[in-house]
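Here is how names work: the chains are called A, B, and so on, in the same order as the sequence lines, proteins then strands, and each is numbered from 1. The analysis underlying the following values was restricted to heavy atoms, covering all of them including side chains, and did not include hydrogens, waters or symmetry mates.
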Amino acid sequence: MIENLVIVESPAKAKTIEKFLGKDFRVISSFGHIRDLAKKNLGIDINNNFTPDYEIPKEKLKVVAELRKAAAESKYIWIASDEDREGEAIAWHLAAVLKLDLSSARRIVFHEITKEAISNAIQNPRKVDMNLVNSQQARRILDRLVGFEISPVLWKKVQPALSAGRVQSVAVRLIVEREREIISFRTESFFKVNAIFNIDPSKDENSKIRAEASKKFPAEKEALKFLEVCKDSVYSVADVNVKPGTKSPAPPFTTSTLQQEAYRKLGFSVAQAMAVAQKLYEAGKITYMRTDSTSLSKLALARSREVIISEFGEKYSKTRQFKTKSKGAQEAHEAIRPAYMDAHEVSGTQNEKKLYELIWKRTIASQMSDALVEKTTISISMSNSPVTFSSVGEVVKFDGFMKVYSESADYENGDDEKYIIPPVNKGMRLFYTTISATRKFTNPPPRYTEASLVKKLEELGIGRPSTYAPTISTIQNRGYVSREDRQGEKRQITVLTLTKGNVATSSRTEITGKEKSKLFPQDIGMIVNDFLIENFSEIVDYNFTAEVEEQFDKIAVGKLDWTGMLNDFYSSFHKTVTETLEKRNRKTGVRILGNQPDTGEQVSVKMGRFGPVAQIGETGNDKKPRFASLPKNLLLETITLDEALNLFRLPRSLGEYEEEEMIVGTGKFGPYIKYKGKFYSLKKGSDDPYTLTLERGVEIIKEKVENDSRKILKDFGDIKLIKGRYGPYLTKEKQNYRLPKGTDPEKLTKEDCIGIIGRSVKPEKST
DNA sequence: CAGTGAGCGAGCTTCCGCTTGACTT
């Protein structure tokens, strides 16, 4: 019999706490929630005041059995789930499942995992807060109602197996609307004038001043005219303005800011950042990684100060506590920080080291002094034009936190390069070295990355630290959006350059529209989004979550009855659901593009059973319509008649090679070549199935054959050792076999392989 | 694995938030 049992949510936390609490205490974990609404059906008795039907999910049965056993063996049970809405609900479910008396259950909370905070908590137990629990029940039930009533409407009116929800549908909406802004964006061009001035024309580069003209010119003609004016102008310094300023460090990481910086600085996907952070957390190297709080424990503040003073000196230290400002933050945990501030680096994989270093730097920087900068602006006047030039330079007088870490921006703008301005005085005469007018283009708004989408969701107060990564997976898994690259296109840039009294015209190429790992909406995402906006505008409104959160907050403080709140919401919501089912037609995103020039048949596109298709002709006529699937880079919304007609040119023959016909087509996995009964994928972006030549086709086939042969480590005839994604494996007659642990693939003989295959029992295919 | 697009319709799909594994061809 152990005197005391403490239940926390996370096993790693349990391990740490147990160390603080002596041998009268046993600490175990519930692994998060232990009960949820029934998996099948709605799980809510609507006609009985929204009574929830809770059940223990199958995968939680084992944990619950262990909890029950431990509870039976203990005299006192302390429920130490997190101090937020979900944590309170977990406490309540634990009390119910372990049959604890609610009036006497010992509910404790602590924000920091320190001996002091924990003993303090043990000395001040309280009861389970039913108002807070009820606000969680309202949240849970509302989400179930929204998800489980709207999704079936989509199955009927759009396509099976689709989904909608308070969080995911807004995430999709953001991406769809951004894409439409990009589609409707019209690029404009203008000429920007940059100059390099010199203090003394006989001297060298050290006295160079880079400046930009205050005026932009709409076209080449005007830009050229201005350069002609520049030719004969006298330039002088009209003003020198020196302004001191300070820069402050960013707060320590929350889940959202960690995901953003891990993407910007390390190129991690949101899911990858979380997986690596989880490893660091489990190894006891960082604090909890799912948090919305920027606050640091007193201990962390003190330790950071020690580290900063010993490494950089007293004047680099400035202890700060940051206030969390994100909407709906619950602050059950600390910010994400190193568990031990004096550990600069950790052992582990490359990614673990890199992410840890980022967390260490961010945390330390947050406790360092402001940087002092001096911003100098020179304005330069012209003798024969009202246009002025200005040059901006920034000098760091004291680096402060910048010694360690600076936050990155989402979209780097490229030409704000910093440089040091040479000393100049007002009235000083300047001489131009070169003045150039360069054609520039306005850019459409940027597409979201996973990380910038998380940032936006957090700003809107939608979703929680534990759901950002799963939400982004969900909207991709449903096919609503897709993370993709784009090659971009070349465009010519005209540059007019004035040097030594002569204007020369040149041109250079730049790439525009290049994208890497950006979120693109898919046709089905756009159709579902439009359907939801037409029929459930309240739910997909950007403010919906904020509005219901306000009500949950009222429930949490006892100012609003939770079942009443649900009733108000549901009565109008459910009416919308039934009306939509009754009155709305199926939505296919159909567009009629025009007619086939030769036959006059109608050409249209729509979402078909197996995805987006182009169609020539109509059903119900004598002549059956012809169909062609849309490739990934064309949207139903923007495809043109010519693009649609083009799709019907495939598959086509490239001619014969060694007396066998080579066919190029496009299928389930993109464009391919079929030759001698085998398929070869075309290179993404560089090979176009419409213009591919026989010669290139032969090349592709040869490359593939060569690549495949490199994957074969050993060839024993019918048995081959292949280099695969998860390490080497054996293959025989299209069956694959794993190597037993500890096998050295270098030393495998054919006999060894036969043995491994003989001993391996193929498990039944499971899902 | 590189297709499919007639119509009927059984039985299935689905939410958000807490937490980690077990396992991968």
In terms of side-chain heavy atoms of [X], which of [options] is nearest?
X	options	result
A/Ser629	B/dT14, B/dG5, B/dG17	B/dG5
A/Glu9	B/dG17, B/dT13, B/dT19	B/dT19
A/Arg140	B/dT20, B/dT13, B/dC16	B/dC16
A/Arg609	B/dA6, B/dT20, B/dC15	B/dA6
A/Arg464	B/dT20, B/dC18, B/dT14	B/dC18
A/Gln168	B/dT14, B/dT13, B/dT20	B/dT14
A/Glu282	B/dT19, B/dT13, B/dT20	B/dT20
A/Glu86	B/dG17, B/dT14, B/dG5	B/dG17

**Report entry** Atom pair distance, as rounded to whole Å: CG in A/Leu42 and P in B/dC16
**Finding:**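 After rounding, the reported distance stands at 15 Å.
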Query raised in the report: Once the angle between the rings of A/His93 and A/His33 is folded into 0 to 90°, is it parallel (under 30°), tilted (30 to 60°) or perpendicular (over 60°)?
Result: perpendicular
Report task. Return the orientation label for the A/Phe569 and A/Phe544 ring planes: parallel under 30°, perpendicular over 60°, tilted otherwise. Result ->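 It falls in the tilted class, 30° to 60°.
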Requested in this report: Starting from the 5' end of DNA chain B, give me the residue, A/Lys674 or A/Ile34, whose nearest nucleotide shows up first.
Outcome: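 Comparing both residues, the 5'-ward one is A/Lys674.
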Would you say whether [X] stacks on [N]? The test is a distance between ring centres of less than 5.5 Å and an angle between planes of less than 30°.
X	N	answer
A/Trp155	B/dT13	yes
A/Phe610	B/dT4	yes
A/Phe148	B/dT14	yes

Query raised in the report: Has the side chain of A/Ser681 got a donor or acceptor atom sitting under 3.5 Å from an opposite partner on the base of B/dA2?
Result: yes
Report summary line: Taking pairs as Watson-Crick (N1-N3 plus N6-O4 or O6-N4) or G-U wobble (N1-O2 and O6-N3), each distance under 3.5 Å, the stems of three or more consecutive pairs with DNA chain B are none
